[in-house]
Chemist: 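Once you've had a glance at the structure underneath, I'll fire off some questions.
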2 protein chains.
Amino acid sequence: MKLDEKMGLLRTYIENQGLKFTNQRDCIARCFFRTRTHISLDELTVKVKKEIPGTGYATVYRTMKLLTDSGLALSRHFGDGQTRYENLPATGHHDHLICVKCSRIIEFQNEKIENLQNETAARFGFTVINHKLELYGYCPECS
Amino acid sequence: MKLDEKMGLLRTYIENQGLKFTNQRDCIARCFFRTRTHISLDELTVKVKKEIPGTGYATVYRTMKLLTDSGLALSRHFGDGQTRYENLPATGHHDHLICVKCSRIIEFQNEKIENLQNETAARFGFTVINHKLELYGYCPECS
DNA sequence: ATTGAAAATGAAAGTTATTATCATTTAAGG
DNA sequence: CCTTAAATGATAATAACTTTCATTTTCAAT
């Protein structure tokens, strides 16, 4: 999805909720949409402050809540005690390979795994709406 | 693995580390090994206090750290902001189906998924030592 | 059994990340 | 331009986890 498209969706979401589209929200969303990493609130706040210096952590926090509620961002926990936010995958869902030594994170997709997941869930009568698959181990450099 | 076997492993681990096997550790470990749920520190502390009333949260915390370090317990995060501890699966690894409405957790195993995971990781040169697969959705009662 | 050094304990304080509060400022429709 | 509800930023409150410290306990060596 293109940046403008995301910004449009955000604007719509905000208006539908009777909320207001502010400078800070615009800036925070753009900063976030630009990132390719799994960014934390602290890291994002630093970026945002470079563009709008006075911006408070609380505002970044609240805006990321908006973004996750609207489905434009995903929040995840990897193992350090921080919530990290990630952009929607370009195409379909993706999962993570995490190096336990150097903390490198690689993303991957595997449709076969997804299918098996749905099959398995169906056996228990579950309807899956989301999933999380993380493989922990050693990356090529660390093993 | 039988209870006695686990207690033996714990004892060995503790002795090898030059630590001491205390009443509290014995009680906390037994209480934990008895549970079938994903128990939190608070919940476990309640159980332990029924057997050794004075026991402090910090001791339970430290003992569960011992248990996870020694590999006799697994710690997990599901979505409420709590660390939960679970017993080693009886046979192989298992994963979780989590109902987003009623929070029910069902465990399952699927060897085919495991194999695909290893295959996928290998393509990136990763050596997998552990993984986490959680499927979020609606259980039969909630859907 | 007694003793002494090292470790464990429990209470309480300290951390850290997250969430809420509140006085002030701002967006956006009329 | 006004009004008013919402947003902001500073700060306080929470919640879960982790550490500290004075006291107690374990356990190996008497």
Chemist: A:D42 has an atom CG; how far is it from atom P of C:dT15, in whole Å?
Modeler: 17 Å

Chemist: Hey, is the side chain of B:T83 poking within less than 4.0 Å of OP1 or OP2 on D:dC17, counting only N and O atoms?
Modeler: yes

Chemist: Mind checking if B:R62 touches a base, just sugar-phosphate, or nothing, with heavy atoms under 4.0 Å?
Modeler: base

Chemist: Does the side chain of B:E134 come under 3.5 Å of the side chain of B:H96 through a donor N or O and an acceptor N or O?
Modeler: no

Chemist: Do A:H131 and A:Q117 have a side chain donor and acceptor closer than 3.5 Å?
Modeler: yes

Chemist: Mapping A:L41 and B:G56 onto DNA chain C by nearest heavy atom, which one lands closer to the 5' end?
Modeler: B:G56

Chemist: Atom OH of A:Y57 and atom C1' of D:dA7: how far apart are they, to the nearest Å?
Modeler: 18 Å

Chemist: Just the rounded figure in Å: distance from P of D:dA15 to NE2 of B:H77.
Modeler: 18 Å

Chemist: Any base atoms under 4.0 Å from A:S40, or only sugar-phosphate, or nothing? Heavy atoms, all strands.
Modeler: nothing

Chemist: Side chain of A:L19: nearest nucleotide among C:dG10, D:dG9, D:dA6?
Modeler: D:dA6

Chemist: Starting from P on C:dT9, measure out to NZ on B:K49 and report it in whole angstrom.
Modeler: 14 Å

Chemist: Starting from P on C:dG29, measure out to CD1 on A:I14 and report it in whole angstrom.
Modeler: 14 Å

Chemist: Return the value, rounded to whole Å, for the distance between atom NZ of A:K65 and atom P of D:dT8.
Modeler: 15 Å

Chemist: Mind checking B:Y61 for me? I need base, sugar-phosphate or nothing, with any heavy atom below 4.0 Å counting as a touch.
Modeler: base

Chemist: Need to verify one output field. Residue with the more 5' nearest nucleotide on DNA chain D, A:T55 or A:G18?
Modeler: A:G18

Chemist: Kindly say if B:R25 contacts the phosphate of C:dA7, meaning a side-chain N or O under 4.0 Å from OP1 or OP2.
Modeler: no

Chemist: Taking only side-chain N and O atoms of A:T22, does any of them lie within less than 4.0 angstrom of OP1 or OP2 on C:dT26?
Modeler: no

Chemist: For the pair made of CG in B:D26 and C1' in D:dT26, what is the distance, rounded to whole Å?
Modeler: 14 Å

Chemist: Provide the closest heavy-atom pair for B:N87 versus B:F32 in the form atom of the first, atom of the second, distance.
Modeler: ND2-O, 2.9 Å

Chemist: With a 3.5 Å cut-off and just heavy-atom distances, do the side chain of B:R11 and the base of D:dT26 make a donor-acceptor pair?
Modeler: no

Chemist: Tell me which nucleotide among D:dA6, C:dA20, C:dT9 gets nearest to the side chain of B:Q24.
Modeler: C:dT9

Chemist: Look at the side-chain heavy atoms of Ile, Leu, Val, Met, Phe, Trp and Tyr, link any pair under 4.5 Å apart, and say whether B:Y61 and B:F21 land in one connected group.
Modeler: yes

Chemist: Can you check whether any acceptor in the base of C:dA27 is under 3.5 Å from a donor in the side chain of A:K20, or vice versa?
Modeler: yes

Chemist: In this structure, how many angstroms lie between the C1' atom of D:dT24 and the CG atom of B:N23, rounded?
Modeler: 13 Å

Chemist: Going by the angle between their ring planes, with limits at 30° and 60°, are B:H38 and B:F78 parallel, tilted or perpendicular?
Modeler: perpendicular

